[in-house]
There are 2 protein chains.
Amino acid sequence: MEKLDLAKTPQPPYYAVIFASVRTEHGNEDYARAAERMAQLASQQPGYLGVDSVRDANGIGITVSYWSSEEAIAGWRRNADHTITREQGRKHWYKEYELRVAKVERAYGFKL
Amino acid sequence: MEKLDLAKTPQPPYYAVIFASVRTEHGNEDYARAAERMAQLASQQPGYLGVDSVRDANGIGITVSYWSSEEAIAGWRRNADHTITREQGRKHWYKEYELRVAKVERAYGFKL
């Protein structure tokens with residue numbers, strides 16, 4: 001899932017799901033496989049606009065996914081595979097996380 | 001500025017500034033010094049609620065800072081040191097960035 005550029009999103013308004021997390025020290029392979037699969041599944045959901053995702057060597061990660069509407073976020077939340085994987089996340093992969101749903105009101109970018 | 005836990009924020013609503021960026025390959029020391037200084041300055045601004053910040057080995061970073069209001073964000077934007085440092089960021093440190101201002105509508109967390 002490693003990308004070397006940033007998500008390209010339309011003009012606001014749209015929604016962002018900000019997921020900040022701290023990984024446990026185990027399950028790296030299972031986690032990587034599930035993360036890859038979830039990224040792929042999410043990208044097929046109606047209303048998906050893109051994602052930016054980073055994790056550092058300390059196990060702290062931030063994933064921000066972008067969605068056209070609250071309904072699009074709710075649809076992804078109800079996805080059956082995603083629901084099962086969230087459960088595994090809480091049981092095995094995360095020490096801590098914070099999830100925030102936010103409405104993007106304005107945005108601007110810069111590129112060399 | 002390395003932290004091993006996540007920002008603790010009050011109940012929504014509040015604001016998030018989502019800053020996703022790609023570093024150039026140079027200026028690491030200057031950048032680290034400026035980032036540390038900006039984090040410290042931001043934390044002294046009225047309406048600052050916290051920050052989560054991660055950069056990976058590929059130079060992709062996401063920093064999400066949390067603010068009580070639009071006015072608090074505008075205040076930080078007007079800070080003179082911050083204004084000068086933003087200019088250096090565009091000149092020297094970033095290949096690309098996207099900045100989004102978003103209103104956090106709901107949030108929930110998990111901790112082992």
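Scope of the values below: all heavy atoms of this structure, side chains included, with no hydrogens, waters or symmetry mates.
Annotation: B:Gln11, atom CD; neighbour count of heavy atoms from other residues, nucleotides and ligands within 6.0 Å does not exceed 12. Annotation for A:Glu29: atom CD does not count as buried by contact number, only 12 or fewer foreign heavy atoms lying within 6.0 Å.
A:Ala7 approaches B:Arg100 most closely through the heavy-atom pair O-NH2, 3.6 Å. Of all heavy-atom pairs between A:Glu98 and B:Leu6, the closest is N-CD1, 3.9 Å. Residues B:Val104 and A:Ala102 share a closest heavy-atom pair of CA-CB, 3.8 Å.
Here B:Ile62 is the residue among B:Val22, B:Ile62, B:Val64 with the most heavy-atom pairs under 4.5 Å with chain A. Between chain B and the options A:Lys8, A:Arg55, A:Glu105, the largest number of non-hydrogen pairs under 4.5 Å is found for A:Glu105. Of the listed residues (A:Ile18, A:Leu112, A:Val54), the greatest number of heavy-atom pairs within a distance under 4.5 Å of chain B belongs to A:Val54.
At a 4.5 Å heavy-atom cutoff, the contact between B:Arg106 and chain A is made by backbone and side-chain atoms alike. With a 4.5 angstrom heavy-atom cutoff, B:Ala20 touches chain A via backbone and side-chain atoms both. The contact between B:Ser21 and chain A is made entirely by backbone atoms, counting heavy-atom distances below 4.5 Å. With a threshold of 4.5 angstrom between heavy atoms, A:Phe19 does not approach chain B through any atom at all. Only the side chain of B:Tyr14 comes within contact range of chain A, with at least one heavy atom under 4.5 Å from a heavy atom of that chain.
When each of B:Glu96, B:Arg90, B:Lys95 is tested with A:Phe110 by the rule side-chain contact (heavy atoms from CB on, under 4.5 Å), just one qualifies, namely B:Arg90.
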